[in-house]
Amino acid sequence: FYRDLWLTSPWNPANNTNYSTENTRLETEWPHHPASKPQPFFFSVPEVNNDAVLLGYQQAFVRKVLDVTLPFGNVLYCMDNETKAPAEWAHYWGRFIRAEAEARGTTVNLTEMWDNWDISGDEHENTWGHPEIFDFCDVSQNNWQDGQTHYDRLIWYRENLTGNGGPRPMNNVKIYGRQGGGQGLNAVENVQRFWRNIWAGCASARFHRPDHGLGLSDEAQSVIRAARQFTNSFDLFACAPRPDLLVGAADNECYLLANPPGTYALYFPDGGSVTLTLGDERARQARVRWFDVARADFTSDDVAQCGATVVLTTPGGGTWLALVEITD
């Protein structure tokens, strides 16, 4: 919809006989990148430009797409990709698609993907603040953040979902491996973002395509295999992020998923030592199993005596996971 691509688009009034620049707000040339100046194409809805002629053709196009996709129950619907379009556009098409699905006797699951890298920004409230439109939340743009900030914003977002219609899935269709728009791939940070998304309770985690991410490279497959192996060893879906139970953790040192009082899963991006709070002074035993991500397997199985807390120190540097199971 911009620059050279717009010159050959069938939506360009220069390329079809259905409408013109006189009876729509469209222009035949649009030399602007969407990040700096969004296309009038994305302002057609009644609440913005009310570009009725263009909107009629957009509606016909979306209905045709739905003719193809609605028979399939495994299709998720995202209104836009990294958009700077107005919120009215996203809300209009969300309601439109939902109404079309209901009229055809089926249901859909909808989201929006804003361009803002800060998911605590106002644009993103237009997704998490509207559970009547959006069934899940794409948080891919948070994957431009690094370290503790990357995780903390997911936790902030999750808490907002809980207070606005109840929990909804937070999805990552893109986990970027870059650290900024002009920087190259950082594989270490790409992998850490993947793990932090899981430990923040996200519903999906997917590496973005090369060269923006690791894609389905050998390294990515190894990480995915390790994640599946580890999370299959406990009831992941009974757990929730519990950073409040970690004492003495430095920024980006350790992350915790827990189902107290019995199960605690920890992720250490690069070794470390933390104190895990268990809640009271009762004497009990803690089964501690260390998982080596590089080998995708548990390397030790120890029993420790503990009371209100237990100290956990990784066997070495590098990435480690730990599964702690408490028994009386």
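- The minimum heavy-atom distance between Thr299 and Arg295, with the atom names listed, is CG2-NH1, 3.6 Å.
- Between the side chain of Arg193 and the backbone N or O of His150, no donor-acceptor pair lies under 3.5 Å.
- The backbone N or O of Trp128 sits less than 3.5 Å from a side-chain atom of Arg168, completing a donor-acceptor pair.
- At distances below 3.5 Å, at least one donor-acceptor pair connects side-chain atoms of Asn16 with backbone N or O atoms of Pro10.
- Outside the 6.0 Å centre-distance limit, the rings of Tyr176 and Phe207 are not counted as a close aromatic pair.
- The aromatic ring centroids of Phe96 and Trp93 lie less than 6.0 Å from each other.
- The aromatic ring centroids of Trp11 and Phe61 lie less than 6.0 Å from each other.
- Ion pair Arg98/Asp135 flagged as a salt bridge, since at least one NZ, NE, NH1 or NH2 atom sits closer than 4.0 Å to an Asp/Glu carboxylate oxygen.
- Among all heavy-atom pairs drawn from Ala227 and Phe194, the shortest one is CB-CE2, 3.8 Å.
- Between the side chains of Asn143 and Asn172, a donor-acceptor pair is found at a separation under 3.5 Å.
- In terms of heavy atoms, Ala250 sits closest to Gln148 at O-OE1, 4.2 Å.
- Residues Asn15 and Leu7 come closest through the heavy atom pair ND2-O, 3.0 Å.
- Asp115 is linked by a side chain to side chain contact (heavy atoms under 4.5 Å, CB included) to Glu82, Lys84, Gln141, counting only residues two or more places apart in sequence or in another chain.
- The aromatic rings of Phe42 and Trp89 sit perpendicular to each other, their planes meeting at more than 60°, with 30° as the lower class boundary.
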Item checked: Derivation and outcome, side chain to side chain contact (heavy atoms under 4.5 Å, CB included), residues Ile119 and Met170 -> CA-CA 12 Å; Ile119 59 172; Met170 300 188 302; over 6 Å; no
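- No hydrogens or angles considered: a donor-acceptor pair under 3.5 Å links the side chains of Glu123 and Asn116.
- Salt bridge status for Arg287 with Asp301: present, with a side-chain N to carboxylate O gap under 4.0 Å.
- The closest donor-acceptor contact from the side chain of Thr309 to the backbone of Leu276 lies at 3.5 Å or more, if one exists at all.
- Checked by atom type and distance alone, the side chain of Thr162 pairs as donor or acceptor with a backbone atom of Arg158 at under 3.5 Å.
- In this structure, the side chain of His33 engages the main chain of Ala35 through a donor-acceptor pair within 3.5 Å.
- In this structure a side-chain-to-backbone donor-acceptor pair under 3.5 Å is missing from Thr83 to Asp80.
- A donor-acceptor pair under 3.5 Å is absent between the side-chain atoms of Asn126 and the main chain of Ala87, judged by distance alone.
- Classified by interplanar angle (parallel below 30°, tilted 30° to 60°, perpendicular above 60°), the ring pair Phe230/Trp199 is parallel.
- Looking at Tyr77 and Thr69, their side chains do bring a donor and an acceptor atom within 3.5 Å of each other.
- Residues Asn252 and Gln192 bring a donor and an acceptor atom of their side chains to less than 3.5 Å of each other.
- Using modelled atom types, no side-chain atom of Thr21 and backbone atom of Leu26 make a donor-acceptor pair closer than 3.5 Å.
- Legend: residues meeting side chain to side chain contact (heavy atoms under 4.5 Å, CB included) with Asp211, ordered by chain and number and at least two apart, are Arg178.
- In this structure, Arg289 forms a cation-pi arrangement with Phe298, its terminal cationic atom sitting closer than 6.0 Å to the ring centre and no more than 45° off the ring axis.
- Formation of a donor-acceptor pair under 3.5 Å by the Thr277 side chain with backbone atoms of Gly279 is not found in this model.
- Just one residue in the list Phe268, Trp195, Tyr151 forms a ring pair (Phe, Tyr, Trp, His ring centres under 6.0 Å) with Tyr255, and that residue is Tyr151.
- Ring centroids of Trp30 and Tyr2 are separated by 6.0 Å or more, keeping the two rings apart.
- In this structure, the separation between OG1 on Thr24 and CD on Glu27 is 9.5 Å, given to the nearest 0.5 Å.
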